[in-house]
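Beneath this line is the structure, given in structure tokens, with notes to follow.
Here is how names work: the chains are called A, B, and so on, in the same order as the sequence lines, proteins then strands, and each is numbered from 1.
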There are 2 protein chains.
Amino acid sequence: MHSATVLDSDLSARAKIREAALGLFGRSGFGVSLRTVARAAGFSPGLVVHHFGSKDGLRAAVDASVLTLCLERFEILPKDLPADRLARAMADSLSDVLGSSADIRQYLRRCLLDETPAGTTIFDELVAATRRGLMLLERAGGIRADTDPEWRPFQVLSVILGPLLMEPVMQRNIGEPAYAPDAVRRRTAANLDVLSRGLFTTAAVGRDGPTP
Amino acid sequence: MHSATVLDSDLSARAKIREAALGLFGRSGFGVSLRTVARAAGFSPGLVVHHFGSKDGLRAAVDASVLTLCLERFEILPKDLPADRLARAMADSLSDVLGSSADIRQYLRRCLLDETPAGTTIFDELVAATRRGLMLLERAGGIRADTDPEWRPFQVLSVILGPLLMEPVMQRNIGEPAYAPDAVRRRTAANLDVLSRGLFTTAAVGRDGPTP
DNA sequence: GCGGACACTGAATGACTGTTCAATTTAAGA
DNA sequence: TCTTAAATTGAACAGTCATTCAGTGTCCGC
């Protein structure tokens, strides 16, 4: 199915080490020692340096693999998609990446904090893509005119990325695994629904300006 | 205004160390050395251990201070607030905490990852409070009936916490500081608007089931 | 002024860190 | 089968880590 599901025995030593590092760095941060990564992958510490040059080299390799995995899903999106389908296509594409591996989700959450080059690239790319999509949608008349154009992309991204960023919280507060395929499906539908029709009835929130 | 704005010279050594740790742990993770924290606070490493027992003790103290700071804002919320004002009251209260200190925002983001007791408490409390508020709102007829009751709290939290979690991303992609008072005001209004009326026109997104 | 409690320092300790490197095993090609 | 290159190891190095502790200073009650 996905590269994350291949058996460990099928991977080269280099790839095994990189996968182990992906999991450990994501779970416990970049402070994890080279020895721990090497032990988890089943090799000696020296081999890690042999293959990646240094600990920073290892991190860069993990970053690069996550980066390409994430971006290639977006590059295969048909560029001439009609605006009314773009939102769902993007949501599906993202769900596909995120649903594939818990390690990658954890690593992405950490990228958000540590501001490694790969992390900034991925998330900035998401912002740019969302912005592009919304502008297309706007030209097609699909967006309410009285909403803030500069702020819209982040509102959409909040709804879409919320489950990723809050996955540990959700895991503790709902029964089902947050990224079970079925949960993702229902969530995607609910999110598109909120973005198109809102959650509250208009009576619930006053239409006056916000409180400072 | 807030405790975070008192001058460093007004703080006890213990508090200075704790504040330095808050900033450094948030920015660079718990891997930051005791020596670095001590140097940043202007004391010797020994004093940190003298006051907090150990590095874990320091972390626990930082956690506790963040926890009480966050929760006390919610405890002063009037319990009998009419449902139609609760959403805004909560949003304002949260904005107040988050707007006060960039260090606390950064630390909260890290809590989401590292699952320290304080972090899980804060976010679980937010989920519970949101759930309570939405049930009140539902009883008052303020919520569209055809939305998922179990999923609603996380949709609301995604919209509210999105800017917190994505702050570094936003910082890179918009001109204004993400938590400038004015930006927070406009955002709160826009978020309530999205939650009540949606962002898209209904024509833009098909009403059929979601794509797998 | 005296004495004891507390704040604080700086050096020491042993464990762990990333990295280096010579030695050894494995794989492959001729 | 012999040769050569690559893969892999384990011991070693210097540095940093959290923690301990004996010692110095500083304030407060008497």
Side-chain angles (χ1 to χ4, degrees), chain A residues 6-66 107 110-111 113-118, chain B residues 6-66 107 110-111 113-118:
Chain A
V6 297
L7 295 178
D8 278 3
S9 54
D10 292 341
L11 294 173
S12 68
R14 203 188 127 95
K16 279 187 198 170
I17 293 171
R18 204 190 49 224
E19 291 288 302
L22 170 71
L24 287 169
F25 287 166
R27 215 166 302 130
S28 316
F30 190 60
V32 173
S33 74
L34 265 187
R35 286 170 168 79
T36 305
V37 174
R39 199 177 324 121
F43 298 99
S44 72
L47 190 63
V48 180
V49 178
H50 172 72
H51 277 306
F52 298 95
S54 70
K55 193 182 179 183
D56 276 301
L58 174 58
R59 184 202 193 119
V62 175
D63 274 0
S65 79
V66 172
Y107 195 84
R110 202 160 288 276
C111 283
L113 279 180
D114 293 351
E115 311 212 33
T116 159
Chain B
V6 299
L7 293 179
D8 278 2
S9 54
D10 292 342
L11 294 173
S12 68
R14 203 187 127 96
K16 278 188 199 169
I17 294 171
R18 204 190 48 224
E19 290 289 304
L22 170 70
L24 287 169
F25 287 165
R27 214 165 305 129
S28 315
F30 189 60
V32 172
S33 74
L34 264 188
R35 286 169 166 80
T36 306
V37 174
R39 199 178 322 122
F43 298 99
S44 71
L47 189 63
V48 180
V49 178
H50 172 72
H51 277 305
F52 298 96
S54 69
K55 193 182 178 184
D56 277 300
L58 173 60
R59 183 203 192 120
V62 175
D63 275 0
S65 79
V66 172
Y107 195 84
R110 203 160 288 274
C111 282
L113 277 182
D114 294 351
E115 310 213 35
T116 159

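Taking every side-chain heavy atom of B:P45 into account, D:dT19 is the closest of C:dT20, C:dC8, D:dT19. Candidate nucleotides C:dG18, C:dC8, D:dT19 were compared by shortest atom distance to the side chain of B:R35, and D:dT19 ranks first. Here the side chain of A:F43 is nearest to one of D:dT19, C:dT9, D:dT8, namely D:dT8. The listed nucleotides are C:dT20, C:dG18, D:dT8; the one nearest the side chain of A:V49 is C:dT20.
In this structure, A:R59 is not positioned above the aromatic face of A:F25 in the sense of NZ or CZ being under 6.0 Å from the six-membered ring centre and within 45° of the axis.
What separates CG of A:L34 from P of D:dT9 is a distance of 14 Å, to the nearest Å. Taking atom NZ of A:K16 as the reference point, atom P of D:dA7 lies 14 Å away to the nearest angstrom. Whole-Å rounding puts the A:F52 CZ to D:dT8 P distance at 11 Å. Going from atom CG of A:L47 over to atom C1' of C:dT25 covers 13 Å, rounded to whole Å. Rounded to whole angstrom, the span from the NZ atom of B:K55 across to the P atom of D:dT16 amounts to 15 Å.
Between the side chain of A:R18 and the backbone N or O of A:V62, no donor-acceptor pair lies under 3.5 Å. Judged purely by atom type and a 3.5 angstrom limit, B:R35 has no side-chain atom pairing as donor or acceptor with the backbone of B:P45.
Distances shorter than 4.0 Å separate none of the side-chain N or O atoms of A:S33 from OP1 or OP2 on C:dC16. Listed pair A:H51 / D:dA6 fails the phosphate criterion, with no side-chain N or O lying under 4.0 Å from OP1 or OP2. Between A:H50 and D:dT9 there is no side-chain polar atom (N or O) within less than 4.0 angstrom of OP1 or OP2.
Using a 4.0 Å heavy-atom distance criterion, B:V48 is classed as making no nucleic acid contact.
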Are B:D56 and B:F30 close enough, and set up right, to give a side-chain contact (heavy atoms from CB on, under 4.5 Å), and what steps lead you there?
-> CA-CA 9 Å; B:D56 277 300; B:F30 189 60; 3.9 Å; yes

